[in-house]
Amino acid sequence: MPRIGVFVCQCGNNIAATVDTKKVAEEMLKLPGVVYTCDYKFMCSSPGQEMLKQTIKDNKLDSIIVAACSPHMHEKTFRKAGEAAGLNPYRVEITNIREQCSWVHHDKTRAVGTVKSTDLTRMTLERLKRNQPLNKIKIPIKKRALVIGGGIAGIQAALDIAEGGIEVVLVEREPSIGGNMARLSETFPTMDCSQCILTPKMVEAELNENIKLYTYSEVEKVDGYIGNFTVQIRKKARYVDEDRCTGCGECIEKCPFNAESKFELGLAKRKIIYTPFPQSVPNIPVIDAPNCPKIQKDKCGACAVVCGPKCIDFKQEDKIVTEEFGAIIVATGYDLMPNERFGEYGYGRIKDVINGMQFERLASSSGPTGGEIRRPSDGKVPQSIVFIQCVGSRDEQKGVSYCSKVCCMYTAKHTMLYNHKVHGGKSYVFYMDIRCAGKRYEEFVRRAIEHDGAMYLRGRVSRVYEKDGRIIVQGADTLSNSQVEIEADMVVMATALVSRPGADSLAQKLGIGYDKYKFYNEYHPKLRPVETVTAGIFLAGTCMGPMDIPDSVAQGSATASKVLALFSANEMTREPITALVNKVTCNACWDCVTACPYSAIERDAVKNRQGEVVRLLAKVNEGVCQGCGVCVAACRSKSIDLKGYTDEQVFAALAAF
Amino acid sequence: MSGHTDTTGHSGTTQSGAFEPKIMAFVCNWCTYAGADLAGTSRMEYRPNVRIIKLPCTGRIDPLFIIKAFENGADGVLVSGCHPGDCHYTTGNYHARRRWIGFKKLLEFAGIDMRRLHFSWVSASEAIKWVDLINNVTDEIKNLGPFMEYKGLK
Amino acid sequence: MKIPYYPGCTLNTVSKGFDLSARASARSVGFEMEELAQWNCCGATFPLSPDNLIALSAPAKVLANARKGGEELTTLCSVCYNVLKRTNAVMKGDKEKRSVINGFINEEYDGSLSIIHYLEILRDKVGFDKVKAAVKKPLTGLKTGAYYGCMLLRPFEDRGIDDSERPVIFEDMLKAVGAEPVEFPNKIECCGAHLAMSNTGLVTKLSGNVMTSAADNGAEIIVTSCPLCQYNLEQSQTALASATGDYKPMPIIYFTQLLGLALGQPVETLGFEKNVWDAMPLLKKKGLA
Amino acid sequence: MKIRLSGADIDGPRVKHIERVTGEDLKHCYQCGKCSAGCPVSYLMEVPPSRVMRLLQLGRVDDVEAANTMWVCVGCVQCYARCPKGCSVASVLEGMRQIQLRKGTGPTLIKDIPIPFLRKAPQQALVCGFRKFVG
Ligand SMILES: Cc1cc2nc3c(=O)[nH]c(=O)nc-3n(C[C@H](O)[C@H](O)[C@H](O)COP(=O)(O)OP(=O)(O)OC[C@H]3O[C@@H](n4cnc5c(N)ncnc54)[C@H](O)[C@@H]3O)c2cc1C
Ligand SMILES: Cc1cc2nc3c(=O)[nH]c(=O)nc-3n(C[C@H](O)[C@H](O)[C@H](O)COP(=O)(O)OP(=O)(O)OC[C@H]3O[C@@H](n4cnc5c(N)ncnc54)[C@H](O)[C@@H]3O)c2cc1C
Ligand code: SF4
Ligand code: SF4
Ligand code: SF4
Ligand code: SF4
Ligand code: SF4
Ligand code: SF4
Ligand code: SF4
Ligand code: SF4
C-alpha cells in the first residue's frame, strides 16, 4: 500500500476564500493509499516547505500531492523540497486549485470551489499512484565543437568558441576558408575593403591553437545527439602533403597548364595546381586532378620536380577521419542563382552581361583587372552600366519568391564604386523597391543617388540585346509610365542568393529541416533564431536565408555563445519525460519513427549470440526525445509509452473524474 | 469512486436539481494550459464544469482517451492545444489534427454525437478565448442534455 | 514511320509550297506525313479569356478526330501548333472544361494526343544528324535568319519546342542542312500578327524591326514557320525599303523550302514562285539553284 | 490627375466581372513594369500594359476602356511569358475586348478590309482578325 500525503494550500485567502481547503484535505484522507492530509496557509513559504519535509519524514510518505497554484509556478519548488526529504522528485505532483479553481470560480459559499478542488485532487491522486520514480537524464558532453563551412559566419563562430577555450574543428569544402566574402571588393555600408577585414580573421583562425582547419574536406556522416556527436569527415586528396608544404608557390609558378578559375567566376584562369586566391588560408595548393595531365595520363609532373620539400604526391587518396563533438554549427552559406535562367537579359549570349559577384571581382583590387572596371569582352572601360535588381528574386515564375535582401545594398555599392573608378561613367539601376532597412543603409542608397549620380528607374527590364556593338536595354520606368531604352556598355544583374547545391543532403545527414528553397530552418524565427529542432545543432549565416555580413557575423557569434553555454556544464540534465518502447510487443511497424518530429526513434534490432538479427524493434534515443508523446498516440499496438504521462496514468485519472 | 463530487453527494446535478454537465478537457502543457493559467491570474470567471488533464502536447492524445472520458461519465470533451505552426514540439499538433480526421468517423460509429466533442486552439495569451470556450461549450452541452449512450456501460 | 498531319487552312491554300516541300522532305528523311482524313479550321487563335470555351470547340474537334487515327499529331504552321497544343493542354488538365467542350462537339476526347511540330520531329525523332546525312545539296554560305515569332515559343508553360528566350532548334536545323544561321535579337519578337487587318502601319513597324535586325546581322534570307509571319514580313518590305534608303528587301520563305532544296528536291517544286521577293536570284548567286 | 478611390469601385462588380472573364487575379500584379518594358506596341498604347493592371486594381475600368490599348495589343503574349507573377495582361486585354464586343460597344476596326489583303492574306489572318475584333 502506498503512503501518500496530500497538502492543501490556502494561499492566504487566494484559495481559501472560495475553497474549503480543510474539507478538501478531509475528503482526501478518506481515499485508499492516503495516510496524511492537511491544509496550510502558505505552502511555498519557508516554514511551509519545512513542514512538508518534516511531515514526509515523520510519516514515511513515499509520495505527495501539493494542491496549490499552477505547476508552472511551484512544481520545481516542491519537487526540490520532496527530494530534500528523500523522495524521488517525480513522486511529487501538483494539483492546480488556484488558477484553475479558486481564481476562476468566485462562488463565496465555497461550494463550487470545494467540489472542483476535490475532484481535481482525486484525479491527481490516481495518476500519482501509478507514477514511476524517474531520474533526470544526465548526458555527458564532449566539449569540442564542429563548424561546417568556413565563410565569415563559420569563421566568426570558430573564433568565438576558441576564444572561450574550447576546441573547434572547422570543415571547409574549398581549398581555402573565406567563402563568398573573400570575393567581395569593398563592403557596405562602411565600404571597408573586404580582404582587409577578412584576411586577419582567416589568419587568426589558422593560428589559433584551439582551431583545427580541415579545408578541402566535407562532412560525410553524422551520428549521435547533443553532447555526443560522432562525425566522419572526408579529407579530399590535395596531392600535396599539407604538413611539409611551405607555401612557397614554386609549383604554381612552374605549372604549365591553365583552367578556368572558379573563384574568379570565369573572369580569369588559374594553374592546375593552385590556391583559389593569393591570401588563401591555408596557403597550401591543391591539384585540380581532372585537369592535371600527370594524374590523368602520367604526363608533366613539373610541380613535383620544382617542389623543394618534395610534398607533391600524385597518388594521394581521400582520407576519412572520425571525430567526436558535443555541438555542431552549420554555416555553409549561399550560392548565386545560375544566370542562364534569364535568357531575356542576354546572359550567355552577350559577354558583357555579368552578375553582381563578377562585378565584385572586377572592382576588387586583387581581382583579374586589378580593380579597374573593364568589360569582359574587350577589356574596355564601360562608359555606362545598367544594373538590374531582383534578377530571379521575387520572381515566382522563373526564380524564387523571396527577396534576396542584400542586392539592393550591393547594387547601390556597385554604382558608387563605379562612379569612383570611372569618371563620367553613368549608371542606371532598374529596381522594384529599394529594400535597405539596416542601420545607415537608407542613407547609403541616398548617397549613391544624390552624390554618385546613379539613375534609379523604377521598373523591370524585359529585353537586353546587342546592336552595333552596344548593349540595348529595354525596360520600363513605371514612375514616368514609359518604356525606356538605354544604350549601355555593360549590364550587371543582381541575381538571387540561393542555397548551396547539396544543401539538402547535408541537412539529411544532420537531421535538420529546410524550406522549399533548401535554406535551413531555424527552431523559431524570432525566439530561437540560431537553433535547429535537433538539439546541439546550430545555424549561422546565409545557409538559412539571404543576409549580409553584419547579420552573418552576429549569428556566428550567437551560435558560439550557445555552444559555450552548452559546454559550461560537464553534463546536461534533462527532464526524464521521454518515450519508452515495450520490447515485447513492438512489431516494428515504424509508425512511431515516422511520427516523431525529432527523429528520436531508431530502427533497432535484437540479435542472437551469433550476431544474427532475430527481430526488429523501435528504440528511443533519450538524448534526442523531447517528450511530446506523438509517437505514443501513433503506435497502434500500444507498444510505446511516455514516462510521466503513461496511458495507465491518464486512464486512471479519467476513471477518477 | 467516480463522478463529480457535489455538495449533495449526487453526481451530475446541483442542489437546485438543474442538469450540470461534466466536461473533460485535454490540453497541452505549453499553450492552452498556460492560457488557462492566465485566465486565473486575471481573475476571470467561467463555468465550473470542466476538469483539465494536462498532456505535453495534443499529439499525445490517444483517441481512446476521449472514448474513455465518455465512458467515465463525461457529457462533453474538449481538446485544445497550440495554434498550428506554434506547437512547442514543432509539428505535434499537426499529427494530432491529421489523426482526428480518421478518428471522427470512428467516434461517430461509436455513437458519439460530434457536437459533444470540441477542438480548439488556445494560446498562452488567449485567456479570454479560453473563458469563452469553456462557457460556450458548457452551455452547448447543457442544451444537449446528459450523454446517456454510455451510461450503464461501467 | 507515319505521322498523322494536320495541314490547317492556310497551308491548304495560299501556302501550298510550305505543305508540299514539307511532305517531300519528310519522305527524304524517312517519314510519311499522313493528312487527317477529316479536319476543320483550328480557329487560328487560342482564346486568352478562359471563359471562351466555344472558341476551343473547333481545335478540340480537330484533336478528337486526330486521336481516332493515332497518338500523335504534327503540324507545320506555328499558329496551328500553338492553338492545338494549348487546347490539348486544356483538354488534358481541366476536367470541367473538357466535359463542357466535349459536350459542344459531341466527342469523348481526353487530351491524350501528343502534338509535335515538324521541327521537333526532325530534332527528336529523325535526328539532325540523320537530316545532315540525307543532305544532297548543302546550303553552304547561305546566311539565313531563322524567325521564330511568337507562337512557337509562348507562353512558356505550354511551350515544348524550345527555350522561349533562347531557342536554337531552327538554327540547329539550318546547320544540319549546311546553311549559316544568323543570330539576331528580334527573332522572337512579334511581326504584328492579325493587326495586318486593321493597322498596317503598326505591322510595317514591327515586321520592319524584325527584318532590319536580321539584315543588320548579315541575313540574306529569312525562314519562318508561320504563314502570317511570312505574309507580314513580305508585305512590309516595300514600305520599309522606301522609308529607309539602305534597306534591301530579302526573300522570306518557309523553312521547309530550304530543307527541300538541301535534300535535293527540284527547285521548281518548292513553290518559290509564290514569293513576293523572289529567292531565285540569291539561290542562283550562291550556286544553289 | 486626381483619383477619388472607393471600395465600391476597387472591389466593384465591373472589376470582378473582368477577373471572372479573364481568369486573372489583378491583385497578383506588383507593378514591376516588365510587361510594359517588353511589349512590342507599348510605345503606341495610351495606357501601357502595367498601367492597365494598376488602373484596374484601383477600379478604374473606364480609363482602360477609353484607351486604345486593347485594340492595338497584338496578342504576342510576351507580357505573360515574362511576368514574374504569372499575370497575363494579354488575357486581361482580350477579356475586356470580348466584354465590349459582346456588348457591341467596341469600335469597328475592320469595316472595310482592303481587297488586295483579302486576296493575298493567309486565311488564318482573317479568321484570327475576325475573332479578335468581332468576337
Ligand atoms: C554580389 C554580392 C555583394 C555583396 N556585398 C556585400 C557587402 O558589401 N556587405 C555585406 O555586408 N554583405 C555583402 N554581401 C553578402 C555577403 O556575401 C554574405 O552576407 C556573406 O558572405 C555570408 O557569409 P556566410 O559565411 O554565411 O556564407 P559563405 O560566404 O557562402 O560561406 C560559406 C562557406 O561554407 C562552405 N561550404 C558550403 N557547403 C559546405 C559543406 N557542405 N561542407 C563544408 N563547407 C561548405 C563554402 O565553401 C563557403 O566557404 C554580398 C553578396 C553578394 C552576392
Ligand atoms: C508598432 C510596432 C510593432 C512591432 N511589431 C513587431 C512584430 O510583429 N514582430 C517583430 O519581430 N518585431 C516587432 N516590432 C519590433 C519589436 O518591438 C522590437 O524588435 C523588440 O521589442 C526590441 O526589443 P528590445 O529588447 O531590444 O527593446 P525594448 O523592448 O525596448 O526593451 C528595452 C527595455 O529596457 C528598459 N530600459 C530602458 N532604459 C533602461 C535603463 N536605463 N535602465 C534599465 N532599464 C532600461 C526598458 O524599460 C525596456 O523594458 C514592433 C515594433 C513596433 C514599434
Ligand atoms: S504554493 Fe502557490 S498557492 Fe500556495 S501559497 Fe505559494 S503561491 Fe500560493
Ligand atoms: S612547391 Fe612544394 S612547398 Fe612550395 S607551395 Fe608547392 S607544394 Fe608547397
Ligand atoms: S603535374 Fe599537373 S599540377 Fe603539376 S605542374 Fe603538371 S599540370 Fe601542373
Ligand atoms: S534586396 Fe532589393 S534587389 Fe534584392 S531581391 Fe530584394 S528588393 Fe530585389
Ligand atoms: S515522445 Fe516525441 S520526441 Fe520522444 S520519441 Fe516520442 S515522438 Fe519522438
Ligand atoms: S509504432 Fe509501436 S509497434 Fe510500431 S515500431 Fe513504434 S513502438 Fe513498435
Ligand atoms: S509584368 Fe506582371 S507583375 Fe509586372 S507589371 Fe506586368 S502584369 Fe504586373
Ligand atoms: S500580348 Fe499585347 S500587351 Fe502583351 S506584350 Fe503582346 S502586345 Fe503587349
Side-chain angles (χ1 to χ4, degrees), chain A residues 27 30-32 69-73 96 98-107 109-120 122-123 126-127 513 521 523-524 533 577 594-598 626-635 638 642 644-645 647 649-651 653-657, chain B residues 1-7 14-15 22 24 26 28-29 33-34 36-66 68-69 71-74 86-96 98-99 130-131 134 154:
Chain A
E27 288 291 328
K30 294 179 191 160
L31 300 177
C69 49
S70 168
H72 290 178
M73 286 287 297
N96 182 351
R98 191 179 73 177
E99 282 81 351
Q100 274 182 27
C101 191
S102 70
W103 276 351
V104 291
H105 308 312
H106 303 173
D107 171 19
T109 71
R110 305 202 292 185
V112 165
T114 308
V115 168
K116 186 166 175 183
S117 297
T118 311
D119 282 353
L120 290 173
R122 191 177 54 242
M123 287 165 71
E126 293 308 315
R127 281 177 51 111
N521 284 340
Y523 194 112
H524 188 287
V533 290
I577 310 297
T594 36
C596 175
Y598 299 94
Q626 301 287 316
C628 66
V630 167
C631 54
V632 184
C635 178
K638 297 267 152 274
L642 186 64
Y645 294 92
D647 275 354
Q649 286 179 291
V650 176
F651 288 138
L654 279 171
F657 154 65
Chain B
M1 178 90 185
S2 162
H4 285 35
T5 318
D6 63 55
T7 37
T14 56
Q15 283 163 303
K22 292 168 55 171
M24 184 76 242
F26 297 99
C28 81
N29 182 32
Y33 196 89
D37 271 358
L38 183 61
T41 37
S42 317
R43 309 295 201 278
M44 295 170 170
E45 188 167 20
Y46 56 81
R47 309 255 197 287
N49 307 54
V50 67
R51 305 289 180 265
I52 287 183
I53 287 187
K54 173 172 74 112
L55 294 164
C57 176
T58 46
R60 168 69 184 92
I61 298 171
D62 192 315
L64 256 185
F65 292 178
I66 295 171
K68 282 279 177 204
E71 255 178 48
N72 282 299
D86 271 358
C87 176
H88 179 80
Y89 301 100
T90 63
T91 52
N93 55 5
Y94 281 114
H95 284 280
R98 209 166 340 128
R99 260 200 309 274
W130 170 253
V131 169
I134 299 303
K154 274 196 61 152

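The model shown is predicted, which means the values in this text are computed figures rather than measured ones.
- Taking SG of A/Cys635 as the reference point, atom CG of B/Asp62 lies at 9.5 Å (rounded to 0.5 Å).
- With sequence neighbours left out, A/Tyr645 forms a ring pair (Phe, Tyr, Trp, His ring centres under 6.0 Å) with no residue at all.
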Legend entry - Evaluation steps, salt bridge (charged side-chain N to carboxylate O under 4.0 Å, His left out), between B/Arg60 and A/Asp647: CA-CA 10 Å; B/Arg60 168 69 184 92; A/Asp647 275 354; 2.8 Å; yes
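- In plain terms, the two heavy atoms of B/Lys54 and A/Arg127 that are nearest each other are O-NH1, 4.2 Å.
- The two residues A/Glu99 and B/Asp37 come nearest to each other via the heavy atoms CB-OD1, 3.4 Å.
- Of all the listed residues (A/Pro71, A/Gly513, A/Ala633, A/Ala653), the one sharing the greatest number of non-hydrogen pairs under 4.5 Å with chain B is A/Ala633.
- For the residue pair A/Phe657 and B/Gly73, the shortest heavy atom distance occurs at CE2-C, 4.5 Å.
- Side-chain atoms of B/Glu45 come within 3.5 Å of backbone N or O of A/His106 as a donor-acceptor pair.
- Between A/Leu654 and B/Arg51, the closest side-chain pair of non-hydrogen atoms is not below 4.5 Å.
- In this structure, the ring pair (Phe, Tyr, Trp, His ring centres under 6.0 Å) partners of A/His72, at least two apart in sequence or on a different chain, are B/Tyr33.
- If you measure heavy-atom distances from B/Met44 to chain A, the contacts under 4.5 Å come from the backbone alone.
- Surrounding NZ of B/Lys68 are at most 12 heavy atoms belonging to other residues, nucleotides or ligands under 6.0 Å away.
- The candidate with the highest count of non-hydrogen atom pairs below 4.5 Å against chain A, out of B/Leu38, B/Leu64, B/Ile53, B/Ile52, is B/Ile52.
- Taking every heavy atom of both residues into account, A/Cys628 and B/Pro56 meet most closely at O-CG, 3.7 Å.
- Under the 4.5 Å side-chain criterion, counting only non-hydrogen atoms from C-beta, A/Val650 is in contact with B/Leu55.
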